[in-house]
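Below: the structure, in structure tokens.
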Amino acid sequence: MCGIAGVVSQGTTVSAELFDALTMLQHRGQDAAGIITNEDHHLFLRKENGLVRDVFSADEHMLRLRGRMGVAHVRYPTAGCSTSAEAQPFYTNTPFGISLSHNGNLTNAEELKQELFLQDRRHLNTESDSEVLLNIFAHELLQRGVLRLTPEDIFAAVSGVHLRCRGAYACVAMITGYGVVGFRDPYGIRPAVYGVRETKNGVDYLIASESVALDALGYELLADIQPGEAVLITLDGKLHKRQCAANPIYSPCIFEHVYLARPDSVIDDIYVYKARLRMGVKLAEKILREWPDHDIDTVIPIPDTSRVAGAELAARLGVNYREGFIKNRYIGRTFIMPGQAQRKKSVRQKLNPVDLEFKGKNVLLVDDSIVRGTTSREIIEMAREAGAKKVYFASAAPPVRYPNVYGIDMPTSSELVAHGRSVEELQTLLGADRLIYQDLEDLVEAVRAGNPAITRFDCSVFTGEYITQDVTAEYLSQLELFRSDSAKSARKQARTVIELTNNA
């Protein structure tokens with residue numbers, strides 16, 4: 001889960017626009033941010049760990065990011081490690097000078113690393129699969145053997161990427177002096193949209209992960225980049241698009257609608273807000289069907305992602321909806337925080353209960369999902385401490401039982417609280433008086449109602465069925481060794497020792 005953006009303008013420097021776009025996409029990654037721009041034959045890059053507002057200062061950085069074209073990125077670490085060296089965009093000088101930002105995860109990254117070294121003679125400087133993808137695209141473009149690029153050359157290179165890369169990727173790539181291209185994998189797992197804005201100098205184009213970035217900057221949403229499709233905007237303001245995959249199959253990640261995306265976004269022609277309303281309806285229908293004599297006094301959402309579903313759930317049940325937790329907006333999203341200890345500590349720093357909404361009441365807490373269980377346990381305990389008589393807990397999503405391999409930080413089965421456990425066991429473990437999960441069929445129906453043309457979604461975190469059909473037990477074992485909290489912690493400690501040694 002990262003955020004990408006790319007702008008081509010006919011009249012103005014784009015650094016401020018990219019900054020604003022990243023700010024609108026900050027919810028997709030709070031680990032690092034970066035912008036690279038192009039003016040004439042020169043590139044200007046700034047990237048570093050931290051929030052967008054902290055990485056870029058107006059005088060020191062923004063004024064140096066010159067040019068009418070650029071790409072940008074906000075990151076949270078799934079693979080690789082949380083260092084500034086892993087921050088994007090990445091750049092390679094051959095051919096033409098290409099800069100790339102990537103959201104997703106390649107499932108055959110290790111195989112591609114070997115190919116790049118042994119066959120393509122390319123060097124990688126990080127552990128990031130995004131650098132792998134950049135070099136695959138660069139090599140495919142180099143194979144065209146031309147000095148003057150055409151849209152056909154770009155689309156042929158994207159076709160080559162589709163043939164070699166597996167997994168999830170939504171990308172924006174800038175080719176120095178030529179233009180910006182955006183493309184998605186043949187399944188369209190991660191989102192990407194593009195829009196246009198009329199100016200006195202001509203038309204400007206913006207490609208971004210979510211439509212909210214377009215809305216904030218005054219762009220008209222044109223469309224989603226289709227699975228396998230590439231959209232090219234040349235420096236002269238012309239738009240070209242082409243289907244570059246042989247057999248694209250629309251299979252977007254359903255968890256975007258559950259948690260990742262902002263409710264005011266439109267993704268794959270589905271309004272996220274309406275999808276979450278329908279999740280609340282489905283959850284209410286399940287409660288009324290299976291627990292018609294419920295004694296719920298109040299529905300309280302866990303801010304912010306579950307508010308929409310929670311409000312609709314309360315309305316359908318005919319009970320009070322209350323904001324029982326006040327959120328500290330200066331604490332980041334606990335889901336994407338590195339390390340279990342930090343997540344647990346941050347829950348109480350992030351949420352503070354309003355005691356009068358809990359005292360003597362039977363409350364139904366509603367969250368978008370339950371992943372590691374850390375947040376849910378702490379919140380249930382906080383509700384009891386605030387005086388709740390009974391604490392029920394509802395999840396707008398089904399149990400998350402399987403790792404995500406497509407760019408969301410759910411890397412290992414052992415870190416997922418629902419893996420290998422029944423709902424009854426989870427209810428006891430979390431400390432709830434009753435635990436209600438959304439049924440998968442209801443979740444799919446709630447999201448698909450916004451765009452019936454989509455016949456399937458990536459629901460692998462709920463089912464363990466991976467749509468790319470290349471995820472083996474061996475792959476998942478290696479993923480756990482590399483991406484678990486303990487593995488990340490060990491690498492962090494090793495880096496600290498190296499830094500202390502070097503500074504001694």
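Heavy atoms only: backbone and side chains are in, while hydrogens, waters and symmetry mates are out.
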What heavy-atom pair brings F393 and S376 nearest, and what distance separates the two atoms?
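Minimum heavy-atom separation between F393 and S376: CZ-OG, 3.7 Å.
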A72 versus S101, closest heavy-atom pair with distance:
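That closest heavy-atom pairing would be O-OG, 3.1 Å.
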Is any side-chain N of the basic residue among [X] and [Y] closer than 4.0 Å to the acidic one's carboxylate O?
X    : Y    : result
K282 : D439 : no
E312 : R316 : yes
R166 : D470 : yes
E441 : R448 : no
E290 : R434 : no
R262 : E210 : no
R384 : D433 : yes
K327 : D304 : yes
E381 : R377 : no

Could you tell me whether the side chains of [X] and [Y] share a donor-acceptor contact shorter than 3.5 Å?
X    : Y    : answer
Y169 : H162 : yes
E17  : Y219 : yes
Y475 : N108 : no

Does any non-hydrogen side-chain atom of R184 lie less than 4.5 Å from one of E229?
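They are not in contact (no side-chain heavy atoms under 4.5 Å apart), so the answer is no.
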With a 6.0 Å cut-off (strictly less than), is the heavy-atom count around NZ of K113, excluding the residue itself, greater than 12?
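Enclosed.
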